[in-house]
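Below: the structure, in structure tokens.
Every chain is numbered from 1, with letters handed out A, B, ... down the list of sequences. Since this is a predicted model, take the numbers as computed values, not measurements. Keep in mind that the numbers below use all heavy atoms, side chains included, and drop hydrogens, waters and symmetry copies.
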Amino acid sequence: MRIATYNINGVKARLPRLLEWLDETRPKVACLQEIKSQDEGFPIAEFEKIGYQGIWHGQKSFNGVAILADGTAPVETQRGLPGDPEDEQSRYLEAEVDGVRIACIYLPNGNPLPGPKFDYKLAWMERLRARMKHLWDLEIPCAVVGDYNVIPEDKDVWSPKAMASDALMQPESRDAYNRLLGDGWTDAIGTRNPRGGVWTYWDYQAGAWQRDHGFRIDHLLLTPELADRLTAVGVDKEYRGREKASDHTPVWVEITAA
DNA sequence: ATGACTGCGAGGCGCAGA
């Protein structure tokens with residue numbers, strides 16, 4: 001069972017590329033971020049044509065997350081991140097698929113800093129931690145996957161110096177991420193690539209892709225019940241080099257049957 | 001190096017329909 005996450009940067013602009021990736025790699029579950037679409041504009045029929053069902057949580061222009069599943073309907077368990085009734089940004093969607101609980105997250109970027117956007121990021125991360133504690137206490141196979149907008153360590157970025165002032169690698173951002181790992185969650189890509197040097201994002205600007213100037217910000221965090229079933233991890237790097245690509249690339253874990 | 005690129009909405013514009 002393959003669980004993948006992919007920040008697609010616009011579901012309409014990315015549709016041909018996205019359908020191609022689903023068709024070629026056939027993940028059981030595909031968690032999408034930055035669909036940048038309102039609920040009524042989500043092209044579910046296109047996914048159904050190739051055998052996927054899905055749920056989505058959109059908003060106009062920005063953000064938006066979706067969970068697609070091959071040949072089965074994800075059963076929604078949570079829409080929106082709990083903990084702040086004032087927060088109207090669509091960044092969290094959670095469902096059950098084949099006995100696995102899966103949360104799809106689009107964590108706030110947090111730039112520029114200091115400022116309200118960075119404060120929002122840190123507050124969102126504390127709310128995420130509370131939700132993840134809830135999931136942890138269920139003692140079930142569970143994955144919280146998506147665009148975390150955190151570069152965990154210096155080995156996860158092409159140049160720590162170039163990115164030093166960015167919200168993605170501030171000590172506060174890293175501390176909040178490390179608290180999740182400290183709670184027991186397994187960073188699947190990180191633990192399987194201890195030397196680092198694995199990127200999931202390359203900026204559109206300054207020839208970052210051609211120079212391999214990337215970093216790792218798309219993560220899959222697993223409970224022990226799921227980490228025990230982990231057989232492989234991967235980054236579908238070549239999709240970043242295709243025509244009209246997203247600036248992120250798909251990342252996945254392979255899990256054995258229960 | 002205050003750069004670089006992209007997607008989307010607003011809005012302009014052309015066009016179809018009333």
Sub-3.5 Å pairs of nitrogen or oxygen atoms, protein against nucleotides 7-9 of chain B:
from  : atom 1 : to       : atom 2 : distance (Å)
B:dG7 : OP1    : A:Lys244 : NZ     : 3.2

*Apply salt bridge (Lys or Arg N to Asp or Glu O under 4.0 Å) to A:Glu24 and A:Arg242, showing your working.*
CA-CA 14 Å; A:Glu24 289 172 1; A:Arg242 295 195 185 183; 3.2 Å; yes
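- As a whole-Å value, the separation of A:Asn7 CG from B:dT6 C1' is 13 Å.
- Counting to the nearest Å, the C1' atom of B:dT6 and the CZ atom of A:Arg240 are 10 Å from each other.
- Using a 4.5 Å heavy-atom threshold, the side chains of A:Arg26 and A:Arg2 count as separate.
- Salt-bridge formation is not detected for the pair A:Glu172/A:Lys121: no Lys NZ or Arg NE/NH1/NH2 atom is positioned less than 4.0 Å from an Asp or Glu carboxylate oxygen.
- Alongside A:Val11, the hydrophobic cluster contains A:Tyr6, A:Ile8, A:Leu15, A:Leu18, A:Leu19, A:Trp21, A:Leu22, A:Leu32, A:Ile35, A:Phe42, A:Ile44, A:Phe47, A:Ile50, A:Tyr52, A:Trp56, A:Leu68, A:Tyr239 (criterion: ILVMFWY side chains under 4.5 Å).
- Ring planes of A:Trp202 and A:Trp209: perpendicular class, angle over 60° (limits at 30 and 60°).
- At whole-Å resolution of the value, OH in A:Tyr201 and P in B:dT6 are 12 Å apart.
- One atom, NE2 of A:His248, and another, P of B:dT6, lie 15 Å apart when rounded to the nearest Å.
- More than 12 heavy atoms of other residues, nucleotides or ligands shown are found within 6.0 angstrom of OH on A:Tyr120.
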